[in-house]
Amino acid sequence: MKIAFVGKGGSGKTTLSSLFIRHLAAQQADVVAVDADINQHLGTALGLDEQEAAALPAMGAHLPLIKEYLRGTNPRIASAETMIKTTPPGEGSRLLRVREENPVYESCARTVRLEDGRIRLMATGPFTESDLGVACYHSKVGAVELCLNHLVDGPDEYVVVDMTAGSDSFASGMFTRFDMTFLVAEPTRKGVSVYRQYKEYARDFGVALRVVGNKVQGPDDLEFLRDEVGDDLLVTVGHSDWVRSMEKGRPPLFAQLEEANRAALDTLRQAADATYARRDWARYTRQMVHFHLKNAESWGNAKTGADLAAQVDPDFVLGEQAARFSAPQPA
């Protein structure tokens, strides 16, 4: 399942996404974690020191390799240079699987060993001072979107993406790439404002959106969230001494996480797992094509000098069946 954690800055989404990733790893699930936030903190939240987190390869820096690999033998894509972040796969494209080894993971992912398991961790790369005035963050996140467009995942396989704060992902179609979006909201007016934006934008695209109430301190906080988000409220999380110790750089064993918070994480997994039976790969593919055509017309054609609408394979539907016939890896 492809899962996004979103929310306003300071809501605790990175902390909660890291806890969810640890929870999955402790249950021996296969996990690819992606730090797609403009502020790159997922690595340290998963226990890496600052130096290790800074040494993670940047997906944005490997975009040419990603494009060339995913293009495969697709005859509709003349060159990697004509691929943009929304380019959809077609016959001959290479598709990514969670459990496999491939050049994209080799270049862009690192294995992080946790107490009870291990995960693959990928990062877009930080938005640095040198980027100001010459690049936008969407160019970095584009590598993530392109990989999600070519990813086929099955049951008990998880891709967990810590998204940038606010509603920035609506600048492209990336918000439709997930089976489940967990919106982390504090019990304040500002805390639920991003929820309202997501709910409005996602309404016409069938996006599965559930709210995780964070920093909930009592019945009044719970009542406020229920009044504001209604049935979209899935679960709430309160104070955690475990998290406080982790933020001090002295994390206890994950098995010592408070029972109530472990139960909340299990609720998140159950909600994510339930989306598998409702998957509609045809709709997913149609949405991919929809946003590709929009991006092609608005800027992609002019930037690449190509008719990017011609990249769309009308007979192709992404899915587990398509993965069996994707182009083989290069020798």
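As the structure is a computational prediction, the values presented were derived from the model and not from experiment.
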Exercise for review: Show your reasoning for whether side-chain hydrogen bond (donor to acceptor under 3.5 Å, both in side chains) applies to E81 and S79.
Suggested key: CA-CA 5 Å; E81 288 72 24; S79 68; 3.3 Å; yes
Review point. Does NZ or CZ of R283 fall inside the cone over F205's six-membered ring, less than 6.0 Å from its centre and within 45° of the axis?
Key: no
Practice item. Decide whether E297 and N301 meet the rule of one side-chain donor and one side-chain acceptor closer than 3.5 Å. Key: no
Check your understanding: Under the side chain to side chain contact (heavy atoms under 4.5 Å, CB included) criterion, do L121 and L48 qualify, and how do the steps go?
Key -> CA-CA 11 Å; L121 176 61; L48 301 182; 4.0 Å; yes
Practice item. Given side chain to side chain contact (heavy atoms under 4.5 Å, CB included), test E247 with T15 step by step and report yes or no. Key: CA-CA 9 Å; E247 291 175 341; T15 297; 3.9 Å; yes
Exercise for review: Could you give me the CA-CA distance, side-chain angles and deciding distance for L16 and F182, then say whether side chain to side chain contact (heavy atoms under 4.5 Å, CB included) is met?
Suggested key: CA-CA 10 Å; L16 279 172; F182 291 128; over 6 Å; no
Review point. Hey, are Y195 and D232 close enough side-chain-wise for a donor-acceptor pair under 3.5 Å?
Key: yes
Revision key, fill the gap. Salt bridge (Lys or Arg N to Asp or Glu O under 4.0 Å) test vs D153 passes for just one of R279, R177, R97, namely R279
Review point. Under 3.5 Å, is there a donor-acceptor pair between the T86 and E145 side chains?
Key: no
Check your understanding: Counting distance only, does the side-chain N/O of E258 pair as donor-acceptor with the main-chain N or O of D241 below 3.5 Å?
Key -> yes
Exercise for review: Starting at CE of M1, measure out to CE of M180 and round the result to the nearest 0.5 Å.
Suggested key: 10.0 Å
**Study point:** Inter-residue atom distance S17.OG - H41.NE2, 0.5 Å rounding
**Key:** 11.5 Å
Review point. Are F175 and Y201 close enough that their ring centres sit under 6.0 Å apart?
Key: no
